[in-house]
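Note sheet for the following structure.
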2 protein chains.
Amino acid sequence: MLVIINVTVYHRKVTTAQPATRNRGSRRAEILDAAAKLFAARGFHGVSIEDIGGAVGTSGPALYRHFSGKEALLSEMLLDVSERLHTSGTRRVTEAAGAEQALNALLSCQIEFALSHPALITVHDRELDNVPEPARRRIRRLQRLYLEEWVTVLSELYPGRSQAELRAATHAVFGLLNSTPHSAGELPPAAMAELLRGMARAALATPKG
Amino acid sequence: MLVIINVTVYHRKVTTAQPATRNRGSRRAEILDAAAKLFAARGFHGVSIEDIGGAVGTSGPALYRHFSGKEALLSEMLLDVSERLHTSGTRRVTEAAGAEQALNALLSCQIEFALSHPALITVHDRELDNVPEPARRRIRRLQRLYLEEWVTVLSELYPGRSQAELRAATHAVFGLLNSTPHSAGELPPAAMAELLRGMARAALATPKG
DNA sequence: CGGTGAAGTTAGTGATCCTTAACCCAGCGG
DNA sequence: CCGCTGGGTTAAGGATCACTAACTTCACCG
């Protein structure tokens, strides 16, 4: 005869009594947000599941109720970012009348995103190599499509410059715009947006030395 | 009575018979170089000691003959980079006649470094948070001094623009110039250098929108 | 009021990793 | 010829980590 006596005592949790009926899937978003900030600061492998749980008030493996694993979390994060950039870019470009307006629209998109989600931007161009293979291809494809969007607009605006040069110039502009995490708080957001826009336009308008 | 019989058989290693008398400290540099590439690709915590050893032909803990640990390796790597940037920047600026030439010198330094050591540049602005505390302060100090070097030159060149704006602009230019790892191979190095220089100069010369 | 499912909890497991210990070998100075 | 030192090796230890298992609570619905 086997008797198992369970003496576990569950004391009432002393949290701030969140309404248990929060928006469906709001917890997922909360986790993604906290994880993005941690990944941006210490890198994917430098952050533990326990860290992420702690950042949202739960401890540890509660995360597995919302994501199938750590890599899946990163995959979803990067897929969401590259999809948002690509689709909003495409929409704004097709709405625009002429290449000039299209470039302005692309700049607005990227600047607005970089300023309001610095952690996501940081993770987006650092951690692609840590995404497992099925999702990595999709992310890379979206990133490539987004880049080509910029290149086609630019090659209409500045004919006579090679595709390779425009691709390199676009990467450089991405680097310029995504520098926001490094200069956080130097300027108020509106001034920062204007500064970045002006610098990017000037940089793109100048071929060679 | 305790008898220990050691039956380990050491078979001759089948390597390419490197001359055992290589340059003093050349192994350290080799390890630093390999580690930089690995860190740039997968992040500090995503690379194991075994990986680094494997990349230089030795296996695993041989690394501890040259560095006191993994973090010490990273510390030395980042300290070296920030020192090289800062001192070469300072030298070239004091040699220059006038702010115009000084800015050109700073641009040359940074571009040359970014083009010839893309992995180091990548690690340098990603992994600072993984450096243990005694060294981190020194690195941050050097980075700050280097930034201020740029800002003083720029504020002489463009008076009437606030320090904060110039700091943000400098960060943006760093982001632009350090984009080289992303656009590797798009253009031949000389053309890339000229493109980056032109874009950076134009971006800096343009205040606000 | 009973059952159900979503969202937590702790305990435990196997793998990985950094680091150290113990040992080995080639080259060189005396 | 001997000992020392610099640069390797494998084995082992202790910590950490991702993930699973078992269990609990609670809101909600019939």
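So you know, we letter chains A, B, ... as the sequences are listed, proteins then strands, and number each from 1. Just so it is clear, the structure is predicted and the values come from calculations on it, not from any experiment.
Going from atom NE2 of A/His66 over to atom C1' of C/dA7 covers 6 Å, rounded to whole Å. As rounded to whole Å, 16 Å separates atom P of D/dC17 from atom CD of A/Glu71. The separation between A/His45 atom NE2 and C/dA15 atom P is 19 Å, rounded to whole Å. The NZ-P distance, from B/Lys70 to C/dC18, rounds to 4 Å in whole Å. Nucleotide C/dC18 holds its P atom 13 Å from the CG atom of B/Leu74, rounded to whole Å. D/dT16 atom P lies 20 Å from atom CZ of A/Phe44, rounded to whole Å. For the pair B/Glu50 CD and D/dA11 P, the computed distance is 12 Å after rounding to whole Å. Atom C1' of nucleotide C/dC17 and atom CZ of B/Arg42 are separated by 13 Å, given to the nearest angstrom.
Distances from the side chain of A/Pro61 to the nucleotides D/dC19, D/dT9, D/dC17 place D/dC19 closest. In this structure, of C/dT9, C/dC18, D/dT20, it is C/dT9 that holds the atom nearest to the side chain of A/Thr58. The side chain of A/Ile49 sits closest to D/dA18 out of D/dA18, D/dT9, C/dC17.
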Worksheet item: Please walk me through it: do B/Arg197 and B/Ser108 pass side chain to side chain donor-acceptor pair (under 3.5 Å)?
Response: CA-CA 8 Å; B/Arg197 170 187 298 274; B/Ser108 296; 2.6 Å; yes
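Annotation for A/Lys70 and A/Val47: closest pair NZ-O, 2.7 Å, computed over non-hydrogen atoms.
Note on B/Val47: only backbone sugar-phosphate atoms sit closer than 4.0 angstrom, heavy atoms only; bases stay farther off. Residue contacts for B/Gly69: at a heavy-atom cut-off of 4.0 Å it reaches the sugar-phosphate backbone alone, with no base atom in range.
Between A/Arg137 and A/Glu133 there is a salt bridge, since at least one side-chain N of the basic residue sits less than 4.0 Å from a carboxylate O of the acidic one.
In this pair, A/Trp150 and A/Phe174 present their aromatic rings perpendicular. The plane angle is above 60°, beyond the 30 to 60° band.
One N or O donor and one acceptor, one from the side chain of A/Arg65 and one from the base of C/dG8, sit under 3.5 Å apart.
For residues 60-91 of chain A, no pair satisfies ring pair (Phe, Tyr, Trp, His ring centres under 6.0 Å), with sequence neighbours left out.
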